[in-house]
Each structure stands twice: as C-alpha cells, then as structure tokens.
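Report on the structure given below.
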Amino acid sequence: MDDKISNLINNKNESGYKNIDKEYKNTYKDNIGRIVKVAGPLVVAENMTGSKMYDVVYVSEYKIMGEIIEISKDLASIQVYEETGGIGVGDPVYLSGMPLVVELGPGLITSIYDGTQRPLNLIYKKTGNFITRGIQVPAISREKKWGFIPVVKKGESVSSGDRIGYVKETPLVKHYILVPEGIEGEIIEIYDGEFTVEQVVAKVKTKDRIEDLKMISTWPVRKQRPYCAKLNPNMPLFTGQRVIDMFFPLAKGGTACVPGPFGSGKTVIQHQLAKWVDADVIVYIGCGERGNEMTDVLMEFPELKDPKSGRPLMERTVLIANTSNMPVAAREASVYTGVTIAEYFRDMGYSVALMADSTSRWAEAMREISGRLEEMPGDEGYPAYLGARLASFYERAGIVKCISKKEDKIGSLTIIGAVSPPGGDLSDPVVQSTLRVVKVFWSLEAKLAYTRHFPAISWLNSYSLYNDSIKEYVEEKIHKDYFQIQSEAMSLLEKEAELEEIVRLVGLEALSGPDRLILLAAKMIREDFLHQNAFHDVDTYSPIEKQYKMLKTIIYFYQKSIDFLNSGVDIEDIENMAVREKIARAKYIENDNLEKIDEILTEIDNEFKKLKAKNF
Ligand code: ADP
C-alpha cells in the first residue's frame with residue numbers, strides 16, 4: 001500500500017472530513033477508471049488495470065465508496081455502497097489501491113456505525129437526517145483525548161499482541177492497546193497521560209528501526225485477525241435463559257443460528273441475549289430490510305441497561321446498522337466490519353458476542369449482486385458460493401489463545417446469526433447453508449408465540465452440539481447429574497409429543513396412569529421451567545445454579561410420583577398436590593435465595609407421605 005494514498009485518504013479538509021479530492025486525482029491521473037455500465041448497486045468500469053480484487057475505489061465525483069468484486073482484462077465490476085442514482089457512463093472511478101479496512105482503537109465502544117464504519121451519530125450531527133452521498137467521516141475521533149495507562153515499563157521486551165497499556169474507554173470496558181502485528185523489540189519510551197489516538201504512546205526499538213506505537217490501527221475486513229491457536233470450545237456461554245442454557249447451550253467461541261418468523265419474539269430474545277449473555281463486549285450488526293426495523297434497534301439499544309452494573313448497555317456495545325439509503329451491497333460490508341471489530345476485542349483477551357440480524361438480508365444482497373454479474377444461479381437464485389461465504393463468516397468465531405509471548409490470553413468470539421426465511425420455511429437455502437456450519441440451532445416458532453409460550457424456542461426442533469464439549473466443565477462446576485436431568489426432561493417432552501396424538505384421538509381419560517404422569521411432568525417442564533417472562537424483574541434472568549435446581553425439582557417430583565403411583569396412589573391426587581404450586585412459583589424466587597428451592601424437595605417428600613397415609 002502506497003503511503004501517499006493512505007495519507008491522502010486520511011487527510012482531512014476544513015470540515016474535518018477525509019478528503020481524497022484534487023491531489024489524489026493529480027497523482028493518479030493515468031489510472032482513473034471510466035464507468036461503462038451501471039446496474040443498481042453494480043458498476044462496471046474500464047481502464048482499471050492495476051486494480052486488485054476487493055480493492056476499494058471511489059466512484060464518480062461524489063466519491064462513493066465501492067469494492068472491486070470481479071476483474072476481467074481492464075474491466076472491473078464494483079459493488080457500490082451508496083445509491084448510484086445520477087451516476088452514468090463516462091464518470092470517473094478513483095483507485096485507492098487498498099482493501100476495505102476498519103479503524104480500530106478507543107472510541108469504538110458506544111459507537112453506531114454504518115456498514116462501512118461511518119459513525120452515524122457524528123454524521124447526523126453534521127448533516128442531519130440525510131446522509132450526503134460520498135461523505136467521509138473518520139470512524140474514530142482524531143480530536144478526543146484518552147487517558148492512557150501503561151502496563152509495561154521502559155526496557156521491557158515486547159512482541160505482537162502484548163498489552164502495553166489501556167484506556168478506560170467506558171466504565172465497563174478497559175480498552176487494551178496491543179503491540180501491532182510484526183513488531184518485536186524493546187520499549188524505549190512509554191508515556192502516561194492524555195493522548196489522541198494518533199499521538200505516540202510508546203516507542204519500540206526493533207532489530208532495524210524505532211517504531212512509534214499509537215492507539216489507532218487499521219485492519220482489512222476480509223482478513224481474519226490472527227491468533228496463536230484455536231481451542232476446543234469447552235466453556236459454556238450462559239445466557240440466563242433457561243431453554244437455552246439447560247437444553248440447547250452455547251459455548252464460548254461457538255456459533256448459533258436463530259430463525260425468527262415475524263412476531264415470534266425475535267427482538268425480545270436478541271435483547272435478552274445482549275443483556276444477559278456472559279460476554280464482555282457485544283457487537284450487534286443490524287442488516288435490516290426496512291428502515292424502521294433498524295430504527296427500532298437504534299432507538300431501543302441505547303435505552304437498554306446492563307443489568308449487572310446498572311449502566312447503559314451501550315457502554316460495552318458497538319452497533320453496526322445499515323441505513324435505508326444504502327443499497328444491498330453495504331450489508332456485506334457491515335457483516336465483515338462487525339466481525340473484524342469483534343475479533344479486535346477478542347484479541348485483548350475478552351469474551352465477545354456478535355449478533356447478526358439478519359443474515360438472510362445479507363444473503364439476499366449476495367443474490368442480487370450475483371444476478372447482476374450474470375453468474376450461474378444455484379438454489380432459489382442464490383449464488384453457488386452462498387454456503388462458502390456463510391461458512392467463512394461463522395468460521396471467524398472461536399475461542400483462541402491470543403497472540404502474545406508475555407501472557408496467556410484467552411479470547412473468544414461467539415457468533416449468533418438470526419435468519420429470517422420467507423414464511424418461516426426452514427428448507428430455505430440460507431437456513432440450510434447456515435445449519436451446515438453452526439453448532440446450535442434455536443428454532444423460534446410462530447405457533448408457540450401464538451399460544452404465548454415465550455421464549456418461543458421449540459424444544460423438539462432445536463439442538464446444540466456443544467453438550468459433549470462443555471460436559472466436563474458443567475459437571476464439575478454445576479452438578480454431576482446435570483446432563484442426566486437434562487436428558488430425563490427432554491425425553492419427557494418427546495414422549496409428551498407422541499402421547500398428544502393419542503389424547504387427540506381417545507381423550508385424556510383413556511390414558512394409563514404412567515402416561516398421564518408423563519403428560520403432567522412435561523406440562524410442568526414447559527410451563528414452570530421453559531416459559532420465562534423477559535419482562536419480570538426476577539424471571540428475566542436465571543443463573544445456571546437456579547436453572548439446575550428448578551429442573552431437578554420437577555424431575556424429582558416426577559420420580560417420586562412414579563413410585564407412589566406404583567404403590568397405589570391415585571393419579572388425580574398427584575395432579576392436585578399443593579406442592580405443585582410451589583414448584584411453579586420457583587422461577588420467582590430471588591437469585592440470592594436459592595436454598596428456598598432446595599426446601600421444595602423436602603415439601604415434596606412430606607406431601608407424598610401424607611398422601612400415602614390418606615390412601616392406606
Ligand atoms: P418479532 O421481533 O419476532 O416480531 P417481538 O420480539 O417483538 O417479535 O415479540 C413480540 C411480542 O411477544 C413482544 O412484544 C412480547 O409481548 C412477546 N414476547 C416475546 N418474547 C417474550 C418473552 N421472553 N417474555 C414475554 N413476552 C415475550
């Protein structure tokens with residue numbers, strides 16, 4: 001990458017915007033492309049010799065950003081990230097010679113960016129409701145000063161990935177400054193104080209020169225950030241949502257997919273995850289179709305509170321939102337921008353959760369661009385590389401040993417992708433391609449939402465492939481019969497589904513005692529355990545110990561009931577036991593008062609004893 005171009009691109013004009021204007025044209029006169037075709041978000045230009053795949057270019061006098069996605073002889077096809085109205089044949093295309101990069105450094109947290117990392121809140125302040133086409137605003141403020149606190153001393157040797165200091169970016173996030181890739185040497189200067197991101201905070205003497213370290217860096221979005229080693233995802237990532245943690249758990253560094261038909265509680269579940277997931281940093285990518293879907297997110301997110309600290313959730317969140325004036329191609333950029341920012345925080349040794357909503361909109365963008373490139377269509381018109389693209393995105397998740405020779409840093413990036421198949425149809429190619437790569441599937445079902453069962457995650461169709469990998473951790477930290485309880489409960493729910501058919505045909509009374517008991521226990525699991533009210537102060541979050549105790553109580557009740565049924569107690573007496581009310585209300589027991597749930601076990605024993613005395 002030519003320093004001159006990068007300097008020019010980063011130069012600001014009087015109004016503070018990055019400006020690539022006059023000088024740029026003068027320097028690269030010979031290499032200005034000319035548009036020969038415009039088709040929606042796709043522009044084809046000639047005289048593009050010297051450009052490379054995925055290079056960023058600036059189209060027309062508006063300087064609209066685009067990315068080269070196909071090259072043939074001196075022709076390049078460019079996907080453009082803003083409206084192409086008014087752009088025509090013969091208009092210029094300026095080459096930047098560099099790929100799409102994100103800026104990384106203090107200032108990311110609490111930001112709301114568009115797909116190409118333009119800060120929407122700053123743009124709004126400058127231009128109001130409408131984004132001027134081609135406007136370039138630095139993603140990270142160059143003026144703001146941050147208090148840098150060093151964690152290494154003069155004379156220490158450091159190498160790539162080592163933390164040299166941190167900035168208290170928000171009350172919730174310590175933003176570590178790492179030694180950039182490829183630098184190894186001795187710290188000869190390190191400063192303590194207030195700095196802008198472009199000021200030097202340390203100097204490192206490498207083998208052949210002295211490197212100035214600043215707080216800002218850049219990274220090409222399509223390139224995975226490196227790590228030392230990928231580890232086995234054997235730590236659960238608890239979310240406080242019972243159906244998820246107890247039945248379909250996620251692992252730190254894992255991948256999950258949640259399809260969300262309209263009205264099925266997709267927004268609520270996403271907010272719940274953002275609030276309660278056991279992660280240090282949240283990156284939320286909104287790929288909405290309609291402007292108002294995105295507005296909802298933009299309005300609601302800043303209102304959310306981090307439940308643990310009571311501070312705004314935004315203080316550990318980065319939001320990326322496609323604005324409605326951006327054409328489909330920008331969705332692709334937003335997905336890569338988001339995942340790169342998430343990897344950056346992972347590299348500091350954090351647990352990061354990334355939510356992408358919805359990946360279907362991104363896939364539709366791929367379909368549109370591919371159609372315009374006249375590529376051979378695959379399933380339902382999606383390009384043949386749909387699966388590969390989705391896979392390479394989810395591939396960036398993982399729990400890793402971060403690069404650093406100094407310390408053992410473990411960071412994780414967990415990706416949760418929402419999918420919105422048309423009509424909730426799970427045979428949709430995007431759902432199917434996603435299921436091939438993700439390890440957890442939470443099937444949100446409209447029919448559960450109609451019956452007001454929330455979260456509307458189907459217990460019959462969902463799955464998690466992390467049960468085995470987190471087994472050791474969970475059995476040691478929570479309880480050794482954790483998975484026994486889980487599988488017992490699951491098998492009751494499955495049997496209930498089989499019995500329902502029979503009940504429909506012959507009625508409940510025709511069932512045998514044990515079968516009625518199965519139905520009773522399954523109902524208790526559904527209503528007293530799986531059902532969780534996101535809007536109830538206590539019920540909104542269940543720590544894993546509470547979840548375990550609640551489910552254990554129900555299973556204990558069921559097992560006792562079998563014994564007593566076999567010894568002649570009437571099924572209706574069991575159905576009418578008073579302790580059932582206590583079991584049902586266990587979800588409202590305060591999280592610091594969990595021994596109250598243990599007491600229910602004794603009450604179950606006592607009531608059964610009384611029942612037996614009455615019967616015999
Ligand atoms: P979607 O985004 O899929 O269209 P929402 O997330 O807006 O659906 O949910 C629709 C409604 O369902 C919410 O307004 C709320 O009343 C209810 N709901 C969803 N999830 C829950 C939950 N976990 N607890 C209580 N109510 C819920």
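First listed ligand is number 1; within each ligand, the first listed atom is number 1. Remember, predicted model here, so these are calculated numbers, not experimental data.
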Extract all N/O-N/O pairs under 3.5 Å that connect ligand 1 to the protein, and present each with both atom names and the distance rounded to 0.1 Å.
residue: ligand 1; atom: 2 (O); partner: Thr267; partner atom: N; Å: 3.1
residue: ligand 1; atom: 2 (O); partner: Thr267; partner atom: OG1; Å: 2.3
residue: ligand 1; atom: 3 (O); partner: Gly263; partner atom: N; Å: 3.3
residue: ligand 1; atom: 3 (O); partner: Ser264; partner atom: N; Å: 3.1
residue: ligand 1; atom: 3 (O); partner: Gly265; partner atom: N; Å: 3.1
residue: ligand 1; atom: 3 (O); partner: Lys266; partner atom: N; Å: 2.9
residue: ligand 1; atom: 4 (O); partner: Gly263; partner atom: N; Å: 2.8
residue: ligand 1; atom: 6 (O); partner: Lys266; partner atom: N; Å: 3.4
residue: ligand 1; atom: 6 (O); partner: Thr267; partner atom: N; Å: 3.0
residue: ligand 1; atom: 6 (O); partner: Val268; partner atom: N; Å: 2.9
residue: ligand 1; atom: 8 (O); partner: Gly265; partner atom: N; Å: 3.1
residue: ligand 1; atom: 23 (N); partner: Gln532; partner atom: O; Å: 3.4
residue: ligand 1; atom: 24 (N); partner: Ala534; partner atom: N; Å: 3.0

Notebook entry, point to check: Does NZ or CZ of Lys477 come closer than 6.0 Å to the centre of the six-membered ring of Tyr473, within 45° of the ring's axis?
Noted result: yes
Note to self: Tell me whether Lys439 at atom NZ has more than 12 heavy atoms from other residues, nucleotides or ligands lying less than 6.0 Å away.
What the structure shows: no
Margin query: Do the side chains of Arg118 and Glu82 get close enough for a salt bridge, i.e. N-O under 4.0 angstrom?
Written below: yes
Check: Considering only heavy atoms from C-beta outward, does the side chain of Phe557 approach that of Asp528 to under 4.5 Å?
Finding: no
Next item on the list: Can you see which heavy atom on Cys287 is nearest to which on Arg361, and at what distance?
Entry: O-CG, 2.9 Å
Could you pull out every donor-acceptor pair under 3.5 Å between side chains of residues 493-500 and any protein atom, sequence neighbours left out?
residue: Glu496; atom: OE1; partner: Arg526; partner atom: NE; Å: 3.2
residue: Glu496; atom: OE2; partner: Arg526; partner atom: NE; Å: 3.1
residue: Glu496; atom: OE2; partner: Arg526; partner atom: NH2; Å: 2.7

